[in-house]
Number of protein chains: 2
Amino acid sequence: MSPRKSAAEARRTRERIIERSVAMASVEGLEGLTIGRLAGELGMSKSGLLGHFGTKEELQLAALRRASAVFSRAVWEPARDLPPGLVRLRAVCEAWATYLDRERDTFPGGCLFTTSAVEFDARGPGPVRDAVARLHRTWQHRLLADIRTAVAAGELPAATDPEQLAFELNGVYLSLNHAVQLFGDRTAPDRTRRAVARLLGG
Amino acid sequence: MSPRKSAAEARRTRERIIERSVAMASVEGLEGLTIGRLAGELGMSKSGLLGHFGTKEELQLAALRRASAVFSRAVWEPARDLPPGLVRLRAVCEAWATYLDRERDTFPGGCLFTTSAVEFDARGPGPVRDAVARLHRTWQHRLLADIRTAVAAGELPAATDPEQLAFELNGVYLSLNHAVQLFGDRTAPDRTRRAVARLLGG
DNA sequence: TTAGAGTCCGACCGATCGGTCGCTATAGTC
DNA sequence: GACTATAGCGACCGATCGGTCGGACTCTAA
């Protein structure tokens, strides 16, 4: 029935698939993705859809990469050119809070980058779990770098343990996600900002 | 083949099913539970298994209740008779950290009480999501009660915002779960204790 | 202009999903 | 000792799962 599309249209199709996958996975989880439902919602056949990825696992990886890219674009990239150290760290933290509070269109079920960590943390090793762990480790290193710079520059107390600070910062955002998603708590973003201010020196 | 068992044996069977469900769900998620696999691992038929619960949803609820009970028994009950306020709060927090660090036998995939919150926070309302939210709200209220008592007794600074403190405490334990499950980070329990000490006044 | 590459579909596959039904055999009750 | 309630089984249900295959079709490169 509907024949081959141009390479550009094919790219757009792939794009649509990934976007819808991210949205679906943010609600149902990466394992909750199903080719059939996805194809149905996109008005295309299962085989046509799967042709773009080969296997469900590749589709999951594509959705995960996209989720990570969306996170990065919203939280990291706007701050990239700021001076490393406390200034950039503060900007990143503010963007992070705003992001978790507002990113409802691409992630109707909340940040997939965050939830995929919990979904796969218990599973045996595999491409998806490995990718989840790698992405989170990368993000953690990014935070750590600015923390260390800030400590070295005297912007944070010399006694600061960078890994401890990163650990606690991460917890604040996990708590934000928890409060927003499970309870719809609209005070959580402000609580997050207060907690961060205390951690980084208000 | 195998006929009816005594009421006592039936209760033990039900118990085995729930235990195995909790273990499986801690890895695969409550939605990842499947009657077929469960029955296979327990060496019984699907229909025999389902007879104890009626529907998969009831099985999920039973597993969730059990996970909550295990959590409560490990974290809350040992501290129950301590004096309300900071003393009991500290005991609870210590037990909580130990629990997330060690409870590997009943929860091979990490605390189900914790992960079910992330799994269901994005899903539409329903008995399971409602139960998850209710259990977490109850736990939060329990923490809040001791925090308020501690503030009233002057054991915590008068300026303390109890909900803010509960929010941050929760984040510390979410971060602990994250670090232990995703990275196998063995330093996380100590980081947790340090963070809690700072929050509650070391 | 023609050959190849590649997109998408429809039909189909075996496996598994949650769940139902009729049955057997025993435990508990009178 | 007869009756009943019920634990558990095996066969089966329609739906859906991830995935394969061959063909129809068109874009693109030669």
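Letters A, B, ... are given to chains in the order of the sequence lines, protein chains preceding strands, and every chain is numbered from 1.
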Parallel, tilted or perpendicular: ring planes of F183(A) versus H178(A), cut at 30 and 60 degrees: perpendicular
Find the distance [X]:[atom1] to [N]:[atom2] and express it as a whole number of Å.
X: L42(A); N: dC8(C); atom1: CG; atom2: C1'; value: 13 Å
X: R11(B); N: dG8(D); atom1: CZ; atom2: P; value: 12 Å
X: L49(A); N: dT20(D); atom1: CG; atom2: C1'; value: 15 Å
X: L38(A); N: dG18(D); atom1: CG; atom2: C1'; value: 13 Å
X: I35(B); N: dA15(C); atom1: CD1; atom2: P; value: 21 Å
X: L50(B); N: dT6(D); atom1: CG; atom2: P; value: 17 Å
X: K46(B); N: dC21(C); atom1: NZ; atom2: P; value: 15 Å
X: H52(A); N: dG19(D); atom1: NE2; atom2: P; value: 16 Å

Donor-acceptor pair between E94(A) and T98(A) side chains, under 3.5 angstrom: yes
Residue pair T106(B) / E103(B), side-chain donor-acceptor N/O under 3.5 Å: yes
H141(B) and L143(B), any side-chain heavy atoms less than 4.5 Å apart: no
Side-chain-base donor-acceptor pair under 3.5 Å for K56(A) and dG19(D): no
S47(A) (side chain) and dG10(C) (base): donor-acceptor pair under 3.5 Å: yes
Touch class at under 4.0 angstrom, heavy-atom based, for L33(B) against every strand present: sugar-phosphate
S45(B) side-chain proximity, nearest of dC9(C), dC17(C), dC9(D): dC9(D)
